[in-house]
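Report on one structure; see the data block that follows.
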Protein chains: 2
Amino acid sequence: MNKNQALPSDARSLPWDHPRFRSWIAVARACQLMQTVLTRELATLDIKPPHLDILINLFRFEGISQQELARKLLVGRSNMSMTLPQMEKRGLIERRGDKKDKRVLRLYLTEEGRRVTQSAMAIQTSLIERTLSEEPLEQCMAMAESMERLIVRLHADFDDEAETA
Amino acid sequence: MNKNQALPSDARSLPWDHPRFRSWIAVARACQLMQTVLTRELATLDIKPPHLDILINLFRFEGISQQELARKLLVGRSNMSMTLPQMEKRGLIERRGDKKDKRVLRLYLTEEGRRVTQSAMAIQTSLIERTLSEEPLEQCMAMAESMERLIVRLHADFDDEAETA
DNA sequence: CCAATAAAGTTCAATCTTGAACAATAAAGT
DNA sequence: ACTTTATTGTTCAAGATTGAACTTTATTGG
């Protein structure tokens, strides 16, 4: 019985024999598909999922800084520096310097941005509702709670590895 | 009571009031974090999640064609045409022409590729087990079943929109 | 007050991904 | 047999993302 455990690289005990592994693969696959379909449906508004993520965050947290936004979205600051000016040129958002701290740029939705955000959220919500409608509400809630726990755990790993490096 | 429902673009009834929407956002966020952490841990092997996806599929389905692989991974054929030659140069995989059909290239792992795949799978499995260890097995299984159903539903949408276009 | 350090944002080069146009081969229809 | 249509894989240009180096502004410590 020690034999198998002593050989981590052994072909026995393949990952797909682990129930949690299989479960997670299903989660990842569903996410990827959802993303793909969402990308297609958002095309009518000429925006992509990353833009929607930004818009939704500005919708909820008006006046957030680029840094804070990048952290929330788990992307690099440079990403924001490349993407936000484009969205500004398209008239979706506005960037104004902070009065107190001249380093930070605070972000706001324009009226047009707010309209696009609401249309896009309607598309996303409809897709999600349509896709999850057959799943019992209890099951959805239980899933959400599990995911919240995973997020906490993963964030610990994330920050750990970041400061170790 | 009719007032609110008659205004779909109204600011009331925000997406995050819908329990299924909130649930899915949590799923998406957990996935993204998992991906980020996995990317960091795979760096020691000098491969990235897309490479691992390819390796795992070759591990399971030896002799698969580029087309089939692209379909499984939900990426474009051009992606495979760009990525696979790199992996071939790194000695992880091998591409051999099909005898019957001169159009198709069939994919195989090299010995080195098999070693790397096993190391990478060990990393991924360990990360998943570590992250999901506190979730009851029943809950994991229920989640997996939900996800399988979502995948079926989304795939229907996916194919629909593809052939409509 | 001044030097050192930290933080916010930008720039740039490298890498990934995608979709459209293309070449080669196979399958179908006549 | 032969023209048309499909399929497989490649190429190319455009767009997205990242990490490192850099600039400007704040903060900290002497």
Side-chain angles (χ1 to χ4, degrees), chain A residues 32-33 35-40 42-43 46-55 63-90 92-108 158 161-165, chain B residues 32-33 35-40 42-43 46-55 63-90 93-108 158 161-163 165:
Chain A
Q32 200 192 348
L33 252 174
Q35 181 91 343
T36 303
V37 174
L38 179 63
T39 301
R40 284 233 274 255
L42 285 179
D46 198 32
I47 66 174
K48 302 197 171 170
H51 301 140
L52 180 54
D53 284 341
I54 291 172
L55 291 172
I64 196 177
S65 76
Q66 295 195 181
Q67 175 90 276
E68 291 164 333
L69 183 56
R71 225 167 18 86
K72 273 179 190 292
L73 300 181
L74 297 174
V75 301
R77 284 165 295 163
S78 53
N79 188 321
M80 294 296 98
S81 276
M82 311 279 273
T83 307
L84 293 175
Q86 294 177 316
M87 296 179 69
E88 194 171 28
K89 283 191 192 86
R90 276 185 55 183
L92 297 175
I93 68 171
E94 210 179 334
R95 301 197 291 172
R96 304 193 216 118
D98 187 298
K99 301 283 179 183
K100 313 263 183 175
D101 190 335
K102 290 181 190 166
R103 292 172 302 179
V104 332
L105 289 177
R106 305 218 158 269
L107 306 169
Y108 303 89
F158 180 75
E161 293 175 25
E163 71 191 14
T164 305
Chain B
Q32 199 191 350
L33 251 173
Q35 181 90 344
T36 303
V37 174
L38 179 63
T39 300
R40 284 233 275 256
L42 285 178
D46 198 31
I47 66 174
K48 301 195 170 173
H51 301 138
L52 179 53
D53 284 341
I54 291 171
L55 291 173
I64 196 177
S65 76
Q66 294 195 181
Q67 175 90 279
E68 292 164 332
L69 183 56
R71 222 166 21 84
K72 273 178 189 293
L73 301 181
L74 297 173
V75 300
R77 285 166 294 164
S78 54
N79 189 321
M80 294 297 97
S81 276
M82 311 278 275
T83 307
L84 293 175
Q86 294 176 317
M87 296 179 69
E88 193 171 28
K89 282 188 192 89
R90 276 186 53 185
I93 68 172
E94 210 178 334
R95 301 198 291 173
R96 303 193 217 119
D98 187 298
K99 302 283 178 182
K100 313 262 184 176
D101 189 336
K102 290 180 191 168
R103 292 172 301 179
V104 331
L105 290 176
R106 306 218 157 268
L107 306 169
Y108 303 89
F158 181 75
E161 293 174 27
E163 72 191 13

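The shown structure was predicted, so the numbers you read here are calculated from the model rather than taken from an experiment. Reckoned from all heavy atoms, side chains included, excluding hydrogens, waters and symmetry mates.
Two residues, B:Ser81 and A:Val75, neighbour DNA chain D, and the one matched to the more 5' nucleotide by heavy-atom proximity is B:Ser81. Looking at which nucleotide of DNA chain D each of A:Gly76 and A:Lys100 is closest to, the 5′-most match is held by A:Gly76.
Side-chain proximity of B:Met82 to D:dT18, C:dT18, C:dA26: nearest is C:dT18. Nearest to the side-chain atoms of B:Arg103 among the listed nucleotides C:dA24, D:dT11, D:dA26 stands C:dA24. Side-chain proximity of B:Thr83 to the nucleotides C:dT17, C:dC12, D:dG9 is greatest for C:dT17.
Nucleotide C:dG9 is matched to D:dC22 when pairs are restricted to Watson-Crick or G-U wobble geometry with both distances under 3.5 angstrom.
Rounded to whole angstrom, the span from the CD1 atom of B:Ile64 across to the C1' atom of D:dG9 amounts to 15 Å. At whole-Å resolution of the value, CZ in A:Arg95 and P in C:dA8 are 15 Å apart. Spacing between atom CG of B:Leu105 and atom P of D:dT7 amounts to 18 Å, rounded to whole angstrom units. The distance from atom CD of A:Gln67 to atom C1' of C:dA8 is 6 Å, rounded to the nearest whole Å. As rounded to whole Å, 10 Å separates atom C1' of C:dA20 from atom CZ of B:Arg77. In this structure, B:Leu69 places its CG atom 12 Å from P of D:dT10, rounding to the nearest Å. The distance between atom CE of B:Met80 and atom P of D:dT7, rounded to the nearest whole Å, is 20 Å. Here C:dT10 presents its P atom at 13 Å from CD of A:Gln86, a figure rounded to the nearest Å.
Salt-bridge formation is detected for the pair A:Arg103/A:Asp101: a Lys NZ or Arg NE/NH1/NH2 atom is positioned less than 4.0 Å from an Asp or Glu carboxylate oxygen.
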Tell me, with the steps shown, if B:Leu55 and B:Met87 meet side-chain contact (heavy atoms from CB on, under 4.5 Å). CA-CA 10 Å; B:Leu55 291 173; B:Met87 296 179 69; 3.6 Å; yes
side-chain contact (heavy atoms from CB on, under 4.5 Å) evaluation trace for B:Ile64 with B:Lys72: CA-CA 10 Å; B:Ile64 196 177; B:Lys72 273 178 189 293; 3.8 Å; yes
side-chain contact (heavy atoms from CB on, under 4.5 Å) for A:Val75 and A:Leu69? Distances and angles first, verdict last. CA-CA 9 Å; A:Val75 301; A:Leu69 183 56; over 6 Å; no
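At a cut-off of 3.5 angstrom, the base of D:dG19 holds at least one donor-acceptor pair with the side chain of A:Ser78.
At a threshold of 4.0 angstrom between heavy atoms, the contacts of B:Asp101 are confined to the sugar-phosphate backbone, with no base atom among them. When heavy atoms are screened at a 4.0 angstrom cut-off, A:Arg71 is found touching no nucleic acid atom at all. Nucleic acid contact for A:Glu68: none, since no nucleic acid atom lies under 4.0 Å from a heavy atom of the residue.
The main-chain N or O of A:Gln66 is never found under 3.5 Å from a side-chain atom of A:Arg77 such that the two would form a donor-acceptor pair.
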